Each structure stands twice: as C-alpha cells, then as structure tokens.
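Keep in mind that what you see is a predicted model, and the values were worked out from it rather than measured. Residues: numbered from 1 along the sequence shown.
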Amino acid sequence: MKKTLLFIIALFIIIISTLAMLLINVRNHNRILQQENAEYEYYLGRDIYGTELVTLLNKALDNNVKYKVEKDKNNLYIGNDTNSVLIKVQLENSEELYEMERISNLGTEEFINLFNNCIFRSDEVTYHSQTGKIATIVFRQITN
C-alpha cells in the first residue's frame with residue numbers, strides 16, 4: 001500500500017513539474033514574440049523620417065537573412081508564413097509599392113539622399129497566422 005501511494009505521489013509530482021515547465025516555456029515564447037513584434041510595432045501610426053525607414057528596412061533584411069527566407073526569381077523575399085518580414089514603401093504621387101529589396105539594391109544611401117527629410121507613416125500591418133510574428137508592413141510617404 002505504501003509503495004503504491006509513493007508511486008502515485010511521485011507520478012503526481014512529475015506531472016505537475018512537467019506542466020510547470022511547459023507553462024514557463026510558453027510564457028518565455030510569448031515574451032520573445034512580443035519583444036520581436038514591438039521592434040516593428042513601435043513605428044505603427046508614427047511619423048518617421050527616411051533615415052529611420054532605412055534602419056527598419058535593414059533590420060527586416062537582417063531578419064530574413066538570419067532565418068534564411070527564400071527569394072524568388074526577381075531576388076525578392078517570399079513570405080514563408082512563419083518568420084519572414086516584408087516591408088513595402090509607397091511614395092507620394094505613386095500607387096506602386098516598392099519592396100525593401102528593390103530599395104536596398106538601388107542603394108540605401110541614395111534613398112537617404114532623396115528621402116532623408118520626407119515623412120513616412122505606417123498604418124497597415126499583417127501577421128503570420130502560424131507564429132503571430134509581423135509579416136508585412138506598408139509605409140506611405142506623407143510629405144516631400
């Protein structure tokens with residue numbers, strides 16, 4: 001009887017410990033996800049200058065390199081529904097959205113020279129359905 005009781009108590013302790021560890025892992029994962037998203041969500045609804053936009057573009061490009069996001073035949077990143085970050089920019093008086101790779105390939109220095117004092121704003125963001133991470137952000141030029 002004592003052995004059975006000790007076995008049940010030990011099993012109960014193991015189950016409780018396992019559940020506690022799972023809960024801790026889920027909380028840590030959520031905290032990391034919030035921190036990663038906060039790096040980009042900070043800019044939502046805010047007016048930023050072209051230099052800040054280039055910094056954000058570089059951060060997104062580094063993220064895609066880090067997670068080895070695939071590119072298509074045009075050398076543009078393909079959203080992978082887990083951890084890719086795609087930033088698009090719409091310039092004033094234009095309907096076209098420019099991908100961050102196109103801006104980077106043309107030269108971020110040139111972009112800074114042309115749009116340094118221009119103001120951009122983002123009110124459009126999407127999230128990955130699988131992970132909840134930022135998927136795409138669209139910035140629109142507000143002023144010249």
Side-chain angles (χ1 to χ4, degrees), residues 5-144:
L5 184 61
L6 287 175
F7 177 74
I8 292 172
I9 291 172
L11 187 62
F12 181 73
I13 291 172
I14 290 171
I15 291 172
I16 295 297
S17 298
T18 303
L19 291 175
M21 291 300 290
L22 286 173
L23 180 64
I24 290 170
N25 285 339
V26 167
R27 284 186 178 173
N28 284 339
H29 175 73
N30 288 341
R31 183 180 45 79
I32 290 169
L33 176 63
Q34 287 175 343
Q35 287 174 344
E36 288 177 2
N37 282 348
E39 292 178 10
Y40 298 99
E41 289 173 341
Y42 172 80
Y43 296 99
L44 294 176
R46 292 179 182 250
D47 293 347
I48 64 170
Y49 288 103
T51 52
E52 287 178 282
L53 181 57
V54 168
T55 301
L56 198 59
L57 293 176
N58 287 333
K59 186 183 295 188
L61 290 167
D62 289 343
N63 176 79
N64 291 342
V65 169
K66 174 183 172 184
Y67 290 112
K68 298 177 181 158
V69 178
E70 292 185 24
K71 292 184 176 184
D72 64 10
K73 63 181 179 179
N74 297 323
N75 210 26
L76 301 175
Y77 284 108
I78 302 169
N80 62 10
D81 208 27
T82 54
N83 52 20
S84 61
V85 176
L86 306 176
I87 297 178
K88 298 179 182 185
V89 179
Q90 183 179 23
L91 299 177
E92 195 173 49
N93 301 325
S94 173
E95 293 296 319
E96 185 177 358
L97 292 175
Y98 296 95
E99 293 85 3
M100 62 185 181
E101 301 88 345
R102 286 178 60 190
I103 294 170
S104 178
N105 291 339
L106 293 174
T108 53
E109 297 84 16
E110 186 67 26
F111 185 86
I112 289 172
N113 288 337
L114 294 173
F115 300 102
N116 182 30
N117 293 322
C118 296
I119 296 177
F120 295 86
R121 181 180 296 148
S122 175
D123 294 322
E124 186 178 332
V125 66
T126 61
Y127 296 87
H128 291 297
S129 59
Q130 291 182 4
T131 60
K133 286 186 173 185
I134 296 276
T136 60
I137 305 174
V138 178
F139 283 91
R140 290 178 173 67
Q141 182 181 3
I142 305 296
T143 64
N144 266 337

message: Assess whether a salt bridge exists between Glu96 and Arg102, defined as any Lys/Arg side-chain N lying under 4.0 Å from an Asp/Glu carboxylate O.
response: yes
message: Any salt bridge linking Glu124 with Arg140? Criterion: basic side-chain nitrogen under 4.0 Å from a carboxylate oxygen.
response: yes
If only atom types and distance count, is the side chain of [X] paired as donor or acceptor with the main-chain N or O of [Y] below 3.5 Å?
{"X": "Asn37", "Y": "Ile134", "result": "yes"}
{"X": "Thr18", "Y": "Ile14", "result": "yes"}
{"X": "Glu101", "Y": "Tyr77", "result": "yes"}
{"X": "Ser122", "Y": "Val138", "result": "yes"}

With side chains defined as the heavy atoms from C-beta onward, is the minimum distance between [X] and [Y] less than 4.5 Å?
{"X": "Leu86", "Y": "Asn64", "value": "yes"}
{"X": "Tyr40", "Y": "Leu56", "value": "yes"}
{"X": "Ile48", "Y": "Phe139", "value": "yes"}
{"X": "Asn30", "Y": "Val26", "value": "yes"}
{"X": "Leu23", "Y": "Arg27", "value": "yes"}
{"X": "Lys133", "Y": "Val85", "value": "no"}
{"X": "Leu91", "Y": "Phe115", "value": "yes"}
{"X": "Asn63", "Y": "Glu36", "value": "no"}

- prompt: Can you tell me how far CG of Asn58 sits from CG of Asp62, rounded to the nearest 0.5 angstrom?
  reply: 6.5 Å
query: Judged by modelled atom types alone, do Thr82 and Thr131 share a side-chain donor-acceptor pair under 3.5 Å?
result: no
message: With a sphere of 6.0 Å drawn around OH of Tyr127, does it hold more than 12 non-hydrogen atoms of other residues, nucleotides or ligands?
response: yes
- request: Using a cut-off of 6.0 Å, state whether more than 12 heavy atoms not belonging to Glu70 lie near its atom CD.
  value: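 Not more than 12 within 6.0 Å, no.
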